[in-house]
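Along the sequence shown, the residues carry numbers beginning at 1. Bear in mind that the values here come from a model prediction, so they are computed numbers and not experimental data.
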Amino acid sequence: MTLPPGIVGTGSYDESVTRERLLAWRLANHHLTATRTGDPAHLVAYFGAVQAQEYGQALWAVGLRTTGATVGTVEAAVERGAILRTWPM
């Protein structure tokens, strides 16, 4: 089956899924287009984990997705144990 250009797939739903719609869903599900929480710990719980090679990147990833976050608010969640920092190898 050959799909028209721009169509990602079809299914038992009402509309075909375009690349644009799929990318919009992905960005929304990754909390990149709209933040849904102001609590860094709730965000990490939603994802189950946040992976980063460096600590600063983890702070940035959580802060980017949290309303009103600062380095201090994210680090405070880590310090009080609401977010667990680990390095399983």
Side-chain angles (χ1 to χ4, degrees):
M1 175 169 118
T2 303
L3 297 173
I7 301 298
V8 175
T10 59
S12 60
Y13 34 81
D14 293 338
E15 301 176 41
S16 295
V17 178
T18 63
R19 286 184 183 94
E20 292 77 19
R21 180 175 239 169
L22 182 66
L23 291 172
W25 285 335
R26 183 174 171 85
L27 289 172
N29 285 331
H30 283 267
H31 293 244
L32 292 170
T33 54
T35 56
R36 298 179 187 164
T37 183
D39 182 359
H42 285 144
L43 177 89
V44 174
Y46 170 83
F47 285 118
V50 173
Q51 190 277 333
Q53 294 301 111
E54 300 290 334
Y55 181 65
Q57 295 169 340
L59 294 176
W60 178 80
V62 172
L64 177 68
R65 293 165 169 90
T66 306
T67 304
T70 64
V71 171
T73 60
V74 178
E75 285 189 324
V78 173
E79 289 174 14
R80 73 175 181 270
I83 296 175
L84 175 64
R85 182 179 176 200
T86 185
W87 186 42
M89 289 289 289

For V71, the rest of its hydrophobic cluster, which grows through side-chain links under 4.5 angstrom: L43, V44, Y46, F47, V50, Y55, L59, V62, V74, V78, I83

Reported CZ-to-OG1 distance for the pair R65 and T37, which is rounded to 0.5 angstrom: 13.5 Å

Any donor-acceptor N/O pair, T66 side chain to G63 backbone, under 3.5 Å: no

CH2 on W25 to NE2 on H30, rounded to 0.5 Å: 14.0 Å

Atom pair CD (Q57) and CG (L64), whose distance is rounded to the nearest 0.5 Å: 13.0 Å

Qualifying residues under side chain to side chain donor-acceptor pair (under 3.5 Å), relative to D39, sequence neighbours excluded: H42

Qualifying side chain to side chain donor-acceptor pair (under 3.5 Å) pairs, either residue in residues 77-89, two or more places apart: none

A58 versus A52, closest heavy-atom pair with distance: N-CB, 3.4 Å

